[in-house]
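Report on the structure given below.
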Amino acid sequence: MNRFLKKGVLVHSFSDKSGCVFLDLHSGETLSVLMSKTEIFKVLSGEMRFDQESEQSIAIMSLIQKNIFMPLENKNTNV
Amino acid sequence: MSDNYFIDLHPFSFSVRTYIPQVIQNLSTIYGSRFKKLSVEVADYELSVQKSSGLRSFIRPQARFFCDQQEPFKPLSFQKAYAFLEWGMNWTVAGNEVQHVIIHSAVLAKGNKAILFPAPPGSGKSTLTAYLAHNGWRLLSDEMALIIPQTKTVVPFVRPICLKNQSIDIAKQLFPDGKFSDIAKDTHKGDVIHLSPPDSSWENSTNTAELVGVVFPNYRANQTLQIYQLDKTQAFMQLVENAFNYGVLRDVAFSTLTNVIENVQTFEIFHNDLAQVAAFLEQEIIDYE
């Protein structure tokens with residue numbers, strides 16, 4: 001997987017499998033995605049693919065744009 | 001000359017400095033023995049409602065609201081002074097309280113089981129609240145749910161029910177013995193009246209209840225009861241939109257509300273019959289477990 005969950009982001013995947021919610025503790029913003037946490041990580045790792053126009057792809061793109069998932073090269077491995 | 005009064009509510013108390021007879025009379029009607037002259041009590045919040053001074057007080061008198069000596073709002077017309085105080089009390093708690101996660105929502109309970117009714121103005125929330133409170137349910141709040149962090153326990157904050165426009169006539173017909181305030185006319189919400197909750201709600205105003213449901217009500221004059229089960233992600237996001245102090249409590253509010261949503265039933269309803277709604281709530285949520 002070429003992305004990682006930014007530090008300071010809380011995630012909750014609901015038990016009815018309706019989706020996942022993210023709270024960015026820095027910005028205070030809360031986002032929801034109608035996919036389970038497992039599905040999101042599968043998409044980010046390339047294990048699962050959706051059409052680029054699909055709601056799922058758009059939702060994951062929005063998480064990336066909001067810096068919920070950061071590029072792996074941004075990870076400070078010395079810390 | 002202003003006098004100091006004390007409103008002894010759970011879990012917050014207020015001191016109110018005023019000399020406006022309309023305010024004093026309405027507070028006495030609505031809060032009964034919980035409203036008294038301040039003697040040695042120390043209130044959580046110091047409020048004041050005063051008539052504007054100067055030439056304006058003769059031409060077009062206005063009421064001014066103060067909280068802890070700050071004036072957060074522009075004055076309103078004098079005739080709205082009591083409603084102004086009630087809204088000011090809501091604002092004071094919503095803006096200062098951080099020991100609970102606060103949701104803009106009515107809360108009613110049967111026994112120890114409570115349901116949240118978050119809803120925007122015009123949804124018929126307060127009419128439903130008034131109906132349930134006078135038909136065997138216990139009112140915990142018409143305006144704000146106080147949830148203890150990391151639990152699904154709701155702390156009562158019993159206050160009057162704020163009814164608007166057409167709901168005023170409906171409520172006066174349904175509850176002829178109800179204790180109503182004067183009508184505040186032409187507010188930003190239209191005509192507004194406050195209705196004191198029944199004695200049973202006041203008597204249980206220190207008893208917490210456990211959440212078992214979250215229901216988003218919508219009154220539609222031409223629609224029979226329609227019930228939609230909300231998925232948990234939708235319900236959570238709607239609850240966040242209605243949370244007053246979510247931005248302040250952040251992780252505490254997030255974990256509290258996810259925990260609540262995981263452990264309750266969640267519905268959106270459309271209706272034009274209060275009795276049908278009450279039957280649904282009892283059969284499908286309260287008696288479900």
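Every chain is numbered from 1 and lettered A, B, ... according to where its sequence line falls, protein lines coming before strand lines. The shown structure was predicted, so the numbers you read here are calculated from the model rather than taken from an experiment.
- Atoms NZ and OG, on B:K232 and A:S32 in that order, are 15.5 Å from each other to the nearest 0.5 Å.
- Of the two parts of A:V11, only the backbone, made up of N, CA, C and O, holds a non-hydrogen atom closer than 4.5 Å to a non-hydrogen atom of chain B.
- Side-chain atoms of B:Q234 and A:S18, non-hydrogen and from C-beta on, never get closer than 4.5 Å to each other.
- Atom NZ of A:K37 has 12 or fewer heavy atoms from other residues, nucleotides or ligands within 6.0 Å.
- Open room surrounds CD on A:E55; 12 or fewer heavy atoms of other groups in view lie less than 6.0 Å from it.
- Taking CG of A:L34 as the start and CG of B:D231 as the end, the distance is 6.5 Å to the nearest 0.5 Å.
- To the nearest 0.5 Å, the span separating CZ on B:F236 from OG1 on A:T30 amounts to 5.5 Å.
- In this structure, the side chain of B:R250 does not engage the main chain of A:D24 through any donor-acceptor pair within 3.5 Å.
- Annotation: A:R49, atom CZ; neighbour count of heavy atoms from other residues, nucleotides and ligands within 6.0 Å does not exceed 12.
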Q: Before giving the answer on side-chain contact (heavy atoms from CB on, under 4.5 Å), spell out for A:V21 and B:F254 the whole-Å C-alpha distance, their side-chain angles and the decisive distance to 0.1 Å.
A: CA-CA 9 Å; A:V21 286; B:F254 182 84; 3.8 Å; yes

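- Counting heavy-atom neighbours within 6.0 Å of B:Q226 CD, excluding the residue itself, gives a total above 12.
- Summarising the geometry, atom NZ belonging to A:K17 is positioned 11.5 Å from atom OG1 belonging to B:T233; distances are rounded to the nearest 0.5 Å.
- Atom OG1 of B:T266 is separated from atom CG of A:D16 by 7.5 Å, given to the nearest 0.5 angstrom.
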